[in-house]
Amino acid sequence: GAVVSQHPSWVICKSGTSVKIECRSLDFQATTMFWYRQFPKQSLMLMATSNEGSKATYEQGVEKDKFLINHASLTLSTLTVTSAHPEDSSFYICSASGGKGYGYTFGSGTRLTVV
Amino acid sequence: GESVGLHLPTLSVQEGDNSIINCAYSNSASDYFIWYKQESGKGPQFIIDIRSNMDKRQGQRVTVLLNKTVKHLSLQIAATQPGDSAVYFCAEEPGAQKLVFGQGTRLTINP
């Protein structure tokens, strides 16, 4: 079946630094990738949708300059949390799809802790 | 962002009993629905899906029911096992290609 690999699984960074999270589709071409954020005991909140080769579409309230998304190839999308602060600490999850009707495959998530 | 939940509702059932987890969705244009299981510290795991042209779909030990009239979705798990303990989310595809998640329910199985 479809597999999505997300790295790192956890990261601790200092306040003010930037962190990059990678999401790779291993056995299919992901025309669209999605990034979610999940706070403890809460649901997944969609942050943005990215299509290969074009700019990401951000959900309302998500700062595009803080959460930089790059989807340069059909198998890789990255999320960079810039100038991270403790309130950015969360569980970040990516999802990939081969197109409408092809379903969604989720990565295993990245636990970000900003100290 | 969309569908930010507050505190997860919980459901406790005895091992071997059937569980029913409910979900109300918001967008009448949604035409595809998925149930996910999430264990602590992991990404969501696909359980079962259903399209809007159906009202019931069965898998192994799981059944999804869709009531479009009242925008309600349910997941039935038969003969629950300890390994079924997790948080369960419904998700809807609101026309455009993206998934919006519901609030989630924490299922606890008592021995």
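Computed from a predicted structure; not experimentally measured. Atom set for the values below is all heavy atoms of this structure, side chains included, hydrogens, waters and symmetry mates excluded. Below, read A as the first sequence line, B as the second, and so on, with proteins coming before strands; counting in each chain starts at 1.
Within the 4.5 angstrom heavy-atom criterion, no atom of Tyr58(A) approaches chain B. If you measure heavy-atom distances from Gln6(A) to chain B, you find no contacts under 4.5 Å at all. Only the side chain of Phe89(B) comes within contact range of chain A, judged by heavy atoms closer than 4.5 Å. Contacts between Tyr104(A) and chain B at a heavy-atom distance below 4.5 Å involve backbone atoms as well as side-chain atoms. There is no contact between Gln45(B) and chain A, counting heavy-atom distances below 4.5 Å.
Residues Asn51(A) and Thr32(A) have side chains that bring a donor and an acceptor to within less than 3.5 angstrom of each other. For the 3.5 Å distance criterion, the side chains of Ser77(A) and Trp35(A) qualify, holding a donor opposite an acceptor.
Below 30°, between 30° and 60°, or above 60°: for Tyr36(A) and Phe106(A) the angle between ring planes is between 30° and 60°, a tilted geometry.
The side-chain contact (heavy atoms from CB on, under 4.5 Å) test with Ile77(B) singles out one residue from Ile109(B), Asp84(B), Ile20(B), and that residue is Asp84(B).
Judged by the 6.0 Å distance and 45° axis criteria, Arg37(A) is not positioned over the aromatic ring of Tyr92(A).
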